[in-house]
2 protein chains.
Amino acid sequence: MRLSTKGRYAVTAMLDLALNGQDGPVTLSDISENQGISLSYLEQLFAALRAKNLVRGVRGPGGGYFLGREADEISIANIICAVDEWVEFTRCQGREDCRGGQRCMTHNLWDDLSRQIYEFIEEISLADLVSRGQGGGHGCHKEKPAGIQDDLSEQAA
Amino acid sequence: MRLSTKGRYAVTAMLDLALNGQDGPVTLSDISENQGISLSYLEQLFAALRAKNLVRGVRGPGGGYFLGREADEISIANIICAVDEWVEFTRCQGREDCRGGQRCMTHNLWDDLSRQIYEFIEEISLADLVSRGQGGGHGCHKEKPAGIQDDLSEQAA
DNA sequence: TTATATACTTAGTAAAACACTAGGGATTTG
DNA sequence: CAAATCCCTAGTGTTTTACTAAGTATATAA
């Protein structure tokens, strides 16, 4: 499972599409302006999204993009997998000696964790995010969730 | 939240440490052999892990590494944050016009999602992974969780 | 029918990250 | 002292990231 800024760009763009695509298609220029992502980079991302049928393009003036299916039928995992290319990189696919099972054990543990994370974001749809945004009032200033990285050095014995 | 192969290397190495560190320290050479990670790269990863007190090094012959605290006190999030450097990249920290709240909305939605994923892996400890590995019998061959990437193009209307 | 606005495509590129090699130094054991 | 280990710094080829540039294809509108 890979989860990087590229995936965030894609999710952000799809969110923009879900929020603004109610009345007519949304142009990439709009998303580019709205979200501060370069137009050409968006075009590359949308090429990948289109390949997975997550968006549908309409050409010509007045054109733009629609979601490829209903917002509640598009999971965050769908989006991230479309642009971030699931990387499977276990080296001991049956071959190699696996150090008496020891090596494979950690590999399997990682794969379990990886699958858990995948299943987690698989369950979250674009519609979930949108309805959550409309329900709870969000301020513009957000801060890092409390104690994510800086307190780790202190709390050790 | 970033989750890449680098984080996997770190989690894998920590798992190795948790599994083999019961009787004496584990050397990086051992982990390097066990997990197929280059020694020098491991040293770099462990520099980061040590900085967060997630591991404790013992020098000299017979030395190696111990976990910095109990395995149930080390979360996967701790490990990944130590090596993968939490990237905060919202560009509208109060400044910029935020397009009438529209832009910030998607940003906040992403931040919520990001926090959810973080809290998810925050709840999984090294000890959890180890006990899970000992309980359920894992074969050596693992396959990609069914239908992760290839079925997306077909299931669209 | 010509101009324009959009989607689509390909090529290139600077910067960063990744994973590694190389070469040492510091510290502890025997 | 010698060896094994941790520890540190610098460099390097490859890949990824995010972008620029320069087009082509298609649909709308004057």
Side-chain angles (χ1 to χ4, degrees), chain A residues 1-13 17 20-21 24-33 35-68 80 82-89 91, chain B residues 1-13 17 20-21 24-33 35-68 80 82-89 91:
Chain A
M1 184 73 234
R2 177 187 294 177
L3 186 51
S4 66
T5 55
K6 192 177 180 184
R8 182 209 140 112
Y9 279 124
V11 172
T12 300
L17 210 54
N20 298 324
V26 182
T27 69
L28 291 189
S29 298
D30 287 343
I31 300 180
S32 174
E33 268 191 54
Q35 306 301 332
I37 309 172
S38 95
L39 180 57
S40 227
Y41 194 41
L42 274 177
E43 284 175 336
Q44 288 173 42
L45 293 179
F46 273 70
L49 295 171
R50 189 160 24 81
K52 299 286 186 184
N53 285 108
L54 294 176
V55 297
R56 181 169 47 88
V58 178
R59 297 215 254 199
Y65 279 96
F66 289 105
L67 290 182
I80 289 175
V83 300
D84 250 342
E85 222 58 53
W86 187 276
V87 268
E88 198 84 45
F89 67 141
R91 301 182 193 177
Chain B
M1 186 70 237
R2 177 187 296 176
L3 186 52
S4 65
T5 56
K6 192 178 180 183
R8 181 209 141 112
Y9 278 126
V11 172
T12 300
L17 211 52
N20 298 324
V26 182
T27 69
L28 290 189
S29 298
D30 286 343
I31 301 180
S32 174
E33 269 191 55
Q35 306 301 330
I37 310 171
S38 96
L39 180 58
S40 227
Y41 194 40
L42 273 177
E43 284 175 336
Q44 288 174 42
L45 293 178
F46 274 68
L49 295 171
R50 190 161 23 81
K52 299 287 187 185
N53 286 108
L54 295 177
V55 296
R56 181 168 48 87
V58 178
R59 295 215 256 200
Y65 279 98
F66 288 105
L67 290 181
I80 288 175
V83 300
D84 250 342
E85 221 59 54
W86 186 276
V87 269
E88 197 84 48
F89 65 142
R91 302 180 193 178

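By convention in this document, chain letters (A, B, ...) are assigned in the order of the sequence lines, proteins followed by strands, and residues within each chain are numbered from 1. Owing to the predicted nature of the structure, the values given are computational and were not obtained by experimental measurement.
With contacts defined as side-chain heavy-atom distances shorter than 4.5 Å, the pair Phe46(B)/Leu17(B) qualifies. Contact of the Val83(A) side chain with the Gln44(A) side chain is not registered, since no non-hydrogen atoms from C-beta on lie closer than 4.5 Å.
Nearest nucleotide to the Glu43(B) side chain, out of dC6(D), dA7(C), dC19(D): dC6(D). Side chain of Ile37(B), nearest nucleotide from dA7(C), dC7(D), dC20(C): dC20(C). With dC6(D), dA7(C), dA19(C) as the candidates, the nucleotide lying closest to the side chain of Arg59(A) is dA7(C). Set against dA18(D), dA19(C), dT29(C), the side chain of Thr5(B) has dA19(C) as its closest nucleotide. Side-chain proximity of Thr27(B) to the nucleotides dC7(D), dT17(D), dT5(D) is greatest for dT5(D). With dT9(C), dA7(C), dA19(C) as the choices, the nucleotide that has an atom nearest any side-chain atom of Arg50(A) turns out to be dT9(C).
Whole-Å rounding puts the Arg56(B) CZ to dT28(C) P distance at 13 Å. Taking atom CG on Leu39(B) and atom P on dG23(C), their separation rounds to 15 Å, with Å as the unit. Atom-to-atom, NZ of Lys6(B) to P of dA19(C) comes out at 8 Å; the value is rounded to the nearest Å. A straight line from CG of Asp30(B) to P of dA4(D) spans 14 Å, rounded to a whole angstrom. Between the CG atom of Leu42(A) and the P atom of dT20(D) there is a distance of 11 Å, given to the nearest Å. With rounding to whole Å, Ile31(A) atom CD1 is found 12 Å from dC8(C) atom P. Atom C1' of nucleotide dA7(C) and atom CG of Leu49(A) are separated by 14 Å, given to the nearest angstrom. Separating the CG atom of Leu45(A) from the P atom of dT9(C) is a distance of 14 Å, rounded to the nearest angstrom.
The phosphate of dT5(D) has neither OP1 nor OP2 within less than 4.0 Å of any side-chain N or O from Tyr65(B).
Positionally, the nearest nucleotide of DNA chain D for Gly60(B) lies more toward the 5' end than for the other of Gly60(B) and Gln44(B). Mapping Ser38(A) and Gly62(A) onto DNA chain D by nearest heavy atom places Ser38(A) closer to the 5' end of the strand.
For the pair Ser32(A) (side chain) and Ile37(A) (backbone), a donor-acceptor distance under 3.5 Å is present.
Leu28(A) comes within 4.0 angstrom of sugar-phosphate atoms only, judged by non-hydrogen atoms across all strands, and of no base. Using a 4.0 Å heavy-atom cutoff across all strands shown, Ser40(A) reaches at least one base atom of the nucleic acid.
For the atom pair Asp30(B) CG and Gln35(B) CD, the distance stands at 11.0 Å (nearest 0.5 Å).
Taking the six-membered ring where the residue is Trp, Tyr9(B) and Tyr41(B) present perpendicular rings, their angle passing 60° and hence far from 30°.
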